[in-house]
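Everything below concerns the one structure shown next.
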Amino acid sequence: MITDSPIRSSARRFTGIAGRAGLADSACAIPAQNWREVAESGYIRLFHPQESGGTGAGADLMVGRMEELAQACPSTYWSATVSGLLCARLVSAYGNTSGAGAPHEELLSSLVSGQRLGAFAVAETTAGSDASTQRTTVRRAPTGGGYVISGEKSRIANAPAADVAVVLARLGDRADERWCLVFVDLTQPGVHRYELPHLGLRGMPWGGLVFTDTPVRAQDVLEVPLGELSNGMTWGWLLTSVSAIGIAEAALAASVRHAARRVSFGLPLAHMEGVQAQLAQSRAEIDAAKLLARRAAAERLAGSPARGLIAMLKVYATELGVRVAQRAVQIHGAFGVTTGHEVERLYRDAQMNVIGAFSSNRLREVIAEEIGLGAAVHEPFDWVRPAGLASDPAGLDGPAGSI
């Protein structure tokens with residue numbers, strides 16, 4: 001029997017949410033009760049200092065609770081954590097939230113309390129991690145002294161259901177390379193939303209936002225250097241990593257239960273050396289990821305961007321989540337690929353973290369830069385002509401004049 005250790009979490013604190021995880025997946029919607037239980041548990045307040053309405057939790061407590069919710073229901077975890085950690089942290093970092101009556105004090109308070117749901121809108125239909133292809137623009141309104149924002153953001157967590165979005169946009173002319181974060185009220189005219197079907201995390205609202213000269217207050221347009229903004233986005237890498245750890249923990253727990261109960265050739269699967277090896281490997285890898293997550297969170301809470309460390313965590317943890325889910329499918333056999341089974345759901349959920357919040361392949365370039373290899377260089381390169389393949393080789397179509 002595997003017992004809890006100081007770094008091992010369980011989903012016991014969120015048993016109600018865990019019991020509704022299958023429903024969230026099949027209905028492609030998070031049950032309303034989940035939102036209430038997340039807010040009442042004080043989960044979101046863990047991410048913020050007391051002066052912002054939070055509890056000022058340390059790294060161990062914060063990451064431990066994140067793992068518990070991610071293990072219980074990855075969809076609920078993603079939706080709540082994108083809003084309460086990533087969006088709220090960006091509001092507190094770049095907005096004006098100091099003191100009663102500050103322009104963004106009420107916005108931050110509503111996100112920390114869970115009264116509002118936030119979306120972090122970066123990706124576009126033609127743009128992912130390459131910021132140069134971003135087209136969403138915010139510019140001065142013709143009248144009224146405010147701004148208007150136009151563009152489309154796609155593949156955004158919480159987009160179909162969010163009350164407010166923190167949007168990455170170009171400021172003014174697209175050629176001047178000025179960037180800003182824009183806090184956009186999504187309940188007003190000029191905002192169109194749509195949903196996108198997705199492989200995993202099906203309960204999480206996911207889709208797009210279309211802005212058509214949508215009004216924005218002047219104080220909600222905050223110019224931020226793109227390089228500095230990438231440090232703030234490391235919170236997104238952290239939340240994705242912990243999602244993967246929670247999914248791996250849930251897949252391992254399901255595998256241990258199945259191996260103990262399923263009898264094959266007169267003995268439980270747990271007695272088979274091959275099954276034991278897979279379970280032991282998963283346990284070791286998960287615990288290693290948990291230790292790295294706590295170290296990364298501690299440095300981030302201490303004020304360090306910790307970009308290299310969190311990038312390593314994101315690459316390792318998200319790919320680990322897929323490996324552990326794959327092992328769980330193997331151990332469960334046909335059960336593991338049966339629609340509606342817990343392991344089948346976890347396998348689909350695990351895939352989403354590898355590309356979510358900056359793809360793991362792109363983060364390998366960040367890691368390489370951190371260890372002194374320099375920034376990745378993306379230059380046009382002709383793979384064809386130097387190899388002599390610019391034209392069909394002689395004889396490819398047979399001898400000249402042949403039919």
Closest heavy-atom pair, M62 versus W235, reported as atoms and distance to 0.1 Å, is CE-CZ3, 4.2 Å

On a heavy-atom basis, the closest approach of P215 and V148 is CA-CG1, 4.3 Å

Rounded at 0.5 Å granularity, tell me how far [atom1] in [X] sits from [atom2] in [Y].
X	Y	atom1	atom2	result
L181	L229	CG	CG	5.0 Å
C87	D163	SG	CG	11.0 Å
W35	L117	CH2	CG	4.5 Å
Q326	I331	CD	CD1	12.0 Å
T214	Y147	OG1	OH	16.0 Å
L320	Q281	CG	CD	9.5 Å

Quick one, [X] and [Y] - any side-chain contact, counting heavy atoms below 4.5 Å?
X	Y	value
V224	W179	no
R116	E106	yes
L90	F120	yes

Counting only heavy atoms from other residues, nucleotides and ligands, does the tally under 6.0 Å from CZ of R295 exceed 12? no

